[in-house]
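First up is the structure itself, then whatever we jot down about it.
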Amino acid sequence: MTPHDSDTLKLEKATYEVDPKDVTKEMVSPYPAKVARKRAKHIVMRDPSIEGQEIQANVRTVPGILNTRHCAFAGCKGVVVGPFGDVLHIVHGPVGCSYYTWMTRRNQYRSREDGKNYMSYCVTTDMQDSDIVFGGVKKLRQAVQEGYDIFKPNAITITATCPVGLIGDDIQTVAKEMTEELGISVVAFNCEGYKGVSQSAGHHIANNGFFKNWVGEGEATDEEIEGFTVNLLGEYNIGGDSYEIERVLEKCGINVIATFSGDGTYDAATKAHLAKLNLVMCHRSINYMAEMMETKFGVPWTKVSFIGVQAFAKSLRKVARFFNDEALTQRIEEVIAEEVAAAEAEIAPIRERLQGKSAILFVGGSRAHHYQDLFADLGIKTIAAGYEFAHRDDYEGRQVLPLKVDADSRNVEELRVEKDPERYKLTADPAWVEQLKEEGFLNRYEGMISEMGEDTLMIDDISHHELETLIKRLKPDIVGSGIKDKYVIEKFGVPCKQLHNYDYGGPFAGFQGAVNFAKDIDMRINNPTWKLVKAPWQN
Amino acid sequence: MLEATPKEIVERKALRINPAKTCQPIGAMYAALGIHGCLPNSHGSQGCCSFHKSHLTRHYREPIMAATSAFTEGSSVFGGGGNLKQALTTIFTVYNPDMVAVSTTCLSETIGDDLPTFIRQARESGAVPEGKYVIHANTPSYVGSHVTGWSNMTKAMVTYLSAKTETPNNKLNIIPGYVEPSDVRAVKQLVTQMGIDAIVFPDTSDVVDTPKTGDFQMYPKGGTPIPDLIDTGNSTATLALGNFTSEAAATALQNKCQVPSRVLDLPIGLRATDRFVQALIEFSDVTPPESLNDDRGRLVDVMTDMQQYLYRKRVAVYGDPDQVISATEFLVDCGMLPVYVITGSPVGKRFEERVKDILKDTVPDAVVAANADLFYLHQLIKNEPVDLLLGNEYGKYIGRDEDIPIVRFGFPILDRVGHSYFPTACYWGGIYLLSNICNTLLERLDRDAPDELFELVR
Ligand code: SF4
Ligand code: SF4
């Protein structure tokens, strides 16, 4: 029924008209010698006969090279913090950073009963010259007060942009004082853009802030919540993804306590420690949270993917296995059967038009990996893939941890988390959890490499020149990438699917999301306009 | 959408909510793209560059090529000199531009990077090949806005490049302002129509509106050629279009090469275009061709034909100061009432006085504000509504909440197409802008009309 083995979800061998080794050489040839040596370590061809293939990742960008990476602020406020909808997010800094993260990620949010919803507001201290010279703390404190007076949000976040750290504004103290003064949670994140080597640093900072201030804190109770409960970690409700995921989970009888952070609320976040299992979607952006919650509260985690029909079914079965409850397992199998059949009925005719096409994917710190499965559902082979801000474990799997700490990663605080003596509670039979861990079912992530097909290329933090070379030589039928690459790719006459914020589309997660995706990719690849690029007299 | 916005206008001292401006370097990046063969480089951490590229990409739906000095924490402590040198080495080796235009960010400004020295050192160390150019503009985001960034980079083109030689070129310099490529194209067309030879800079046409050919050009054919930029020092005069974006460069050129200059409004709307044409006549001693009078006449024709839908309609105008000034005048000339006129840029009294002067006979009690935001505008509207919003895309939330139609105008527009292809500048652009306004109002009329008033003829 499906084009690949549902259990392993391994990708097929890549076939090219050109030798990928030549392409690799061509990719690095124009660089200055030192840069070429450096970049070569970021490019790996998949050879399944080699155990533990290594790839260079999460190191500094070469100044001047054109890539698509972002900064800590973007990872913190733009990705992880921003999607909490009933929380007022105040950006402390000059106007730009706040402005550019104003609804540009298409995170969706539905107001709850209290009607509080600040998603479409862009709120900043808009620092001026004098704030830089004399310090911005006074203004920030005033801003928090004004924000509270006007909006009465359930909580407030403060995120810092580049100059804040340099001039030494103590935003943590402001947050602490204002929490006491206002009686609501005010959390500050020192996510100044220069920290770390990409947005990845910002994800970590966001995780730390939420873990310290919200999870199990504030309004939280310790009253057990009945039933099969999970948190969704690393799911940002872009284009409505979490709505589709939750629809299916609910149908199965699984309750989502908290989502970090798509369609997330402050109240739910404080209760997250009561869930029985954490489902980790985007490993890169949130694995810290999963680890810390397990250490402190005893909630185990498992890596899932909601992207792709087979991948989602596999993830649901994982949940069934963890809870080990006959009725639940049966229910999940029924839901899978029903949903897969419905999705497959819609996808099958589209697959006929897409079968055998090739894709190259360069997105995020997990996203390229997730979308491979969905492309495979459509009969499309991924022949090259990579991330923009991943670490080695996202490629090679968690078994490479701990990684060597370098000067740049040292800039991000590593929280020392301990077992909470009173609230640590195992959510399942300890022997069962142990067994699942040993099997590699819990707390494990295999990374991208193990699933890549033979001879496929993996490229970390791809640069403009490398991407151009790949397009010209490998001639993919579609590229999955971000907005900054999109029109470069499409000028070549190759369609690009924007996989960061999806542009117009979504949801793409879950079963119905896969159907949406199939239609979208069909439209992008098979649209008649691509054949009209050349005038009749030019052919 | 914006349900949490209270009707009562609250005084705010510290909080900017829903800004009507953004930060300097994006303007500088856009201006730099208007030089042929130029790669902008953002001197700071990669986030700024990424934000600015993404935003320009979304507005133009075009590749936006720009590099970054990619600061990490170390550079923030030790200064960004090393990063810039390395960036220039990489850029010239790998991407081979004719010029790199560096703009600073909050980060490099706050640590006080000395760009002229860095650039000199980079040149001495061989990071900048012979015959290649590097220019820079200081664009701290805690001063001014994206408009200021555009102005600063345009001025840098003059301070670094313009040169006076013995040979006058008998050309006019025209600085078109922070506008769409379509507007630059319209200005160039008008100038050509009048038989005038001009150097237009920066010129983003054929850079951010390139054709799809099946191939990608790192440096598209558009942009002002560097030799022309150098030659601006030999021109007869400079016409700076846009008080807040183009004056600085024109003044710098006057000081540096004694090229006389005049600052005009952006030629958007009838009278601003008239003044532009008159200035062209004055400086070039040409008579406008019949075809230009015809173009003008057509715009007047639309203005009079459609007055029944425009007269005394209340409009809120917001956006960049130069666009807002010209648009306000145009709306008044069409019989409309711009009751709220707002810019987010902190351009102060000069803007407010100018707009109030335009409005003094028609809407003397209009609210005019610089350094204001859309939250404030929304509150004004909640207290007394308008019939139409004219401004950038972000007003769409207000439009939805208050059920007011919006005509997109200015920067940025991320949810519609057309702005980069159809000008709002000059007479033809005026027809396009006015058609948009009329059709939007008519669309609304049809949507709201009960059956008996749903008329075939409008
Ligand atoms: S750090 Fe400054 S320059 Fe960069 S995006 Fe933010 S406001 Fe703009
Ligand atoms: S990998 Fe994807 S979900 Fe994760 S941070 Fe990146 S874009 Fe977001």
Side-chain angles (χ1 to χ4, degrees), chain A residues 30-32 35 60-66 68-71 73-74 93-97 99-100 115 117-118 120-129 131-132 139 142-143 146-147 150-151 161-163 166-167 193-195 197 407-408 411 465 468 483-484 487-488 490-493 533-534, chain B residues 1-4 6 10 12-19 21-23 26 41 44-48 50-51 53-55 57-58 61-63 65 67-76 83 86-91 93-95 105-107 110-111 141-143 210 212-216 397:
Chain A
Y31 296 141
V35 180
R60 289 181 192 178
T61 299
V62 177
I65 214 158
L66 295 172
T68 54
R69 275 179 166 185
H70 227 303
C71 66
F73 170 83
V95 68
C97 303
Y99 181 86
Y100 302 116
N117 182 352
Y118 312 104
S120 30
Y121 288 93
C122 166
V123 187
T124 168
T125 52
D126 187 10
M127 287 173 101
Q128 297 298 302
D129 224 355
D131 304 318
I132 301 295
K139 188 174 196 183
Q142 170 80 14
E146 289 176 1
I150 296 171
F151 297 109
T161 79
C162 280
L166 295 175
I167 63 172
Y194 53 78
K195 293 206 164 144
V197 299
D408 293 307
N411 292 331
H465 166 73
E468 221 187 275
I483 188 74
K484 282 161 287 189
Y487 297 102
V488 172
E490 297 204 335
K491 287 290 177 200
F492 282 112
V533 169
K534 292 278 177 233
Chain B
M1 291 279 113
L2 304 175
E3 284 93 357
V10 281
R12 283 174 285 138
K13 290 207 195 80
L15 209 56
R16 173 78 62 207
I17 311 173
N18 298 351
K21 64 166 179 183
T22 184
C23 64
I26 194 174
N41 183 68
S45 69
Q46 29 193 5
C48 305
S50 212
F51 275 143
K53 273 162 80 170
S54 297
H55 218 64
T57 302
R58 288 192 173 114
R61 297 175 199 264
E62 284 286 320
M65 306 313 284
T68 158
S69 304
F71 279 35
T72 54
E73 193 143 23
S75 354
S76 320
N83 283 60
Q86 212 187 341
L88 291 171
T89 308
T90 313
I91 289 170
T93 316
V94 186
Y95 307 108
T105 67
C106 295
L107 177 52
T110 310
I111 61 178
S141 311
Y142 38 83
V143 176
T210 63
K212 188 165 291 119
T213 59
D215 202 9
F216 163 77
Y397 293 106

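All chains are named by letter (A, B, ...) in the order of the sequence lines, taking the proteins before the strands, and each is independently numbered beginning at 1.
For the set B:M65, B:K212, B:E73, B:Q86, the entry with the most heavy-atom pairs within less than 4.5 Å of chain A is B:E73. Your options are B:N18, B:T210, B:T72, and the one with the most heavy-atom pairs under 4.5 Å with chain A is B:N18. For the set A:V488, A:I167, A:T61, the entry with the most heavy-atom pairs within less than 4.5 Å of chain B is A:V488. In terms of heavy-atom pairs under 4.5 Å with chain A, the best-connected choice from B:I91, B:D215, B:T68 is B:D215. When each of B:P19, B:S75, B:C106, B:S69 is checked for heavy-atom pairs under 4.5 Å with chain A, B:P19 comes out on top. Counting heavy-atom pairs under 4.5 Å between each of A:D126, A:L66, A:V533, A:V123 and chain B puts A:L66 at the top. Here B:H55 is the residue among B:E3, B:M1, B:H55 with the most heavy-atom pairs under 4.5 Å with chain A. Contact count versus chain B (heavy atoms, under 4.5 Å) is highest, among A:G493, A:G147, A:P163, A:G115, for A:P163. Chain B forms more heavy-atom pairs under 4.5 Å with one residue of A:A143, A:S120, A:C71 than with any other, namely A:S120. Counting heavy-atom pairs under 4.5 Å between each of A:T68, A:D408, A:V197, A:I132 and chain B puts A:I132 at the top.
Residues A:Y118 and B:A4 approach most closely at CE2-CB, 3.9 Å, considering heavy atoms. Considering all non-hydrogen atoms of both residues, A:K491 and B:P63 come closest at CE-CD, 3.7 Å. When all heavy atoms of B:P6 and A:I150 are compared, the pair lying nearest together is CD-CG2, 3.9 Å. For the residue pair A:E146 and B:K13, the shortest heavy atom distance occurs at OE2-N, 2.6 Å.
Using a 4.5 Å heavy-atom threshold, the side chains of B:Y142 and A:D131 count as separate. Residues A:Y99 and B:I26 have side chains not in contact (no heavy-atom distance under 4.5 Å, counting atoms from C-beta outward). Side-chain contact between A:V35 and B:V94: absent, with no pair of heavy atoms (C-beta onward) separated by less than 4.5 Å. Counting heavy atoms from C-beta on, the side chains of B:T90 and A:P63 never come closer than 4.5 Å.
Here the side chain of A:Q142 pairs no donor or acceptor atom with the backbone of B:A14 at under 3.5 angstrom. A donor-acceptor contact shorter than 3.5 Å is absent between the side chain of B:K21 and the backbone of A:V95. For the pair B:T57 (side chain) and A:K484 (backbone), a donor-acceptor distance under 3.5 Å is absent. A:K534 contributes a side-chain N or O that, together with a main-chain N or O of B:T213, makes up a donor-acceptor pair within less than 3.5 Å.
Looking at A:E490, the atoms closer than 4.5 Å to chain B (heavy atoms on both sides) sit in the backbone and in the side chain alike. The contact between B:F51 and chain A is made by backbone and side chain atoms together, counting heavy-atom distances below 4.5 Å. Proximity to chain B involves both the backbone and the side chain of A:D129, based on heavy atoms less than 4.5 angstrom apart. Of the two parts of A:T161, neither the backbone nor the side chain holds a non-hydrogen atom closer than 4.5 Å to a non-hydrogen atom of chain B. The contact between A:R60 and chain B is made entirely by side chain atoms (from C-beta outward), counting heavy-atom distances below 4.5 Å. Within the 4.5 angstrom heavy-atom criterion, atoms from both the backbone and the side chain of A:I65 approach chain B. Residue A:I483 touches chain B through both its backbone and its side chain, counting heavy-atom pairs closer than 4.5 Å. Residue A:Y121 touches chain B through both its backbone and its side chain, counting heavy-atom pairs closer than 4.5 Å. For a residue to count as touching a neighbouring chain, one of its non-hydrogen atoms must lie under 4.5 Å from one of that chain's; by this rule B:S45 touches chain A with the side chain only. Residue contact with chain A, scored on non-hydrogen atoms closer than 4.5 Å, is absent for B:T105.
Ring geometry, A:F492 versus B:F216: the interplanar angle falls from 30° to 60°, so the pair is classed tilted.
Looking only at atom types and distance, the side chain of B:S54 has no donor-acceptor partner in the side chain of A:Y100 under 3.5 Å away.
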Item to check | Criterion side-chain contact (heavy atoms from CB on, under 4.5 Å) on A:Y194 and B:I111, from CA distance to verdict | outcome: CA-CA 12 Å; A:Y194 53 78; B:I111 61 178; over 6 Å; no
